[in-house]
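Written out below as structure tokens is the structure these notes cover.
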Amino acid sequence: MFKDLVKDKKRILICFAAVFGMGFFVSLLIMCNLGTDPCTFMNQSVSAKVGLSFGNWQLILNIVMFIFVIIFNRKLIGFGTVFNMVLIGYYVDFFTYIWKKYIPETTWTNPVSRWIIFLVVLFCFIVCASVYINSDTGVAPYDALPIIITNFTERVTGKDLKTIIRIVWDGSAILIGTLCGGKPVVGIVLMALFLGPIITAVGKLMNK
């Protein structure tokens, strides 16, 4: 019992740190304006379109998606789900305000500094996302819905369409973001290429 309690505390701390890191690094990716993950791209574009802060819009959308997760698969919910859906958007808003206030604008427009920051931050974000996923503390609403859809289609068709559904899901997010005025750039491609392998590698390290 005591060992389980200690283990849960460690998982909570790891999850919280990973969520903090994700919000921190997403804010830098937004400042570099060279691309983010599909979910952030969509939420950033929609929030600008409707006139809400990134944090407020992301929380609203997460609550809507969270309702569907509660209805169709509560097993995907954990404290990490709540951390992700509530905190990341507001971390992004806070740190974006700090960067705009205290860091010269040329840092984000100069090609050399912009690309250096982007590549380092992109790697750090992917590592934090991988730690969050491998902490096994619940699934973010955005990630939970394609899992639910996959489970449903597998029961109906008998086929594992996980990869196709995820591609369509992320593609839909990119399309929505584009329709709302966003411009998808290189970061989204890099995220798609490297997120999977790094999640696997981090998972192996955490299991050890």
Using the rule that two of Ile, Leu, Val, Met, Phe, Trp, Tyr join whenever any of their side-chain heavy atoms come within less than 4.5 Å, decide whether [X] and [Y] are in one cluster.
X	Y	result
V86	I67	yes
Y97	V92	yes
I98	Y91	yes
I126	L119	yes
F125	I116	no

Remaining members of F152's ILVMFWY cluster at a side-chain heavy-atom cut-off under 4.5 Å? V156
Under a single-linkage rule joining Ile, Leu, Val, Met, Phe, Trp and Tyr whose side-chain heavy atoms are separated by less than 4.5 Å, which residues share a cluster with I167? none
Not counting sequence neighbours, which residues clear side-chain hydrogen bond (donor to acceptor under 3.5 Å, both in side chains) with [X]? List them please.
X	result
N56	S53, Y90
Q58	N43
N84	none
T40	D37

The side chain to side chain contact (heavy atoms under 4.5 Å, CB included) partners of K49 (sequence neighbours excluded) come to C180
Please list all pairs meeting side chain to side chain donor-acceptor pair (under 3.5 Å) that have one or both residues in residues 112-124, counting only residues at least two apart or in different chains. none
Sequence neighbours excluded - side chain to side chain donor-acceptor pair (under 3.5 Å) pairs with any residue from residues 137-148: S135-T137, Y142-D170, D143-R166
Sub-3.5 Å donor-acceptor pair from the side chain of T107 to the main-chain atoms of I103, do we have one? no
Between T81 (side chain only) and V139 (backbone N and O only), is there a donor and an acceptor less than 3.5 Å apart? yes
How many angstroms lie between [atom1] in [X] and [atom2] in [Y], if you round to the nearest 0.5 Å?
X	Y	atom1	atom2	answer
I30	F41	CD1	CZ	11.5 Å
I149	I165	CD1	CD1	6.5 Å
I60	M65	CD1	CE	12.0 Å
L179	I174	CG	CD1	12.0 Å
T150	R155	OG1	CZ	11.0 Å

Could you walk me through whether M42 and L61 satisfy the side-chain contact (heavy atoms from CB on, under 4.5 Å) test, starting with their C-alpha distance in whole Å, then the side-chain angles of each, then the deciding distance to 0.1 Å, before giving a yes or no? CA-CA 11 Å; M42 176 183 67; L61 182 62; 3.7 Å; yes
Indicate yes or no: at least one non-hydrogen side-chain atom of [X] is less than 4.5 angstrom from one of [Y].
X	Y	value
S45	T178	no
V121	C32	no
I88	F83	no
E154	L161	no
K100	M31	yes

List in chain and number order the residues that pass ring-ring contact (aromatic ring centres under 6.0 Å, His included) with W57, two or more places apart in sequence or in another chain; answer none if no residue qualifies. none
Can you name the nearest heavy-atom pair linking L59 to M85, along with the distance? CD1-O, 3.6 Å
What side-chain donor-acceptor pairs closer than 3.5 Å can you find for residues 68-77, not counting sequence neighbours?
residue	atom	partner	partner atom	Å
N73	OD1	K75	N	3.2
R74	NE	I70	O	3.0

Enumerate donor-acceptor pairs with a distance under 3.5 Å from any side-chain N or O in residues 13-29 to protein atoms, sequence neighbours excluded.
residue	atom	partner	partner atom	Å
S27	OG	F24	O	2.5
S27	OG	W99	NE1	2.9

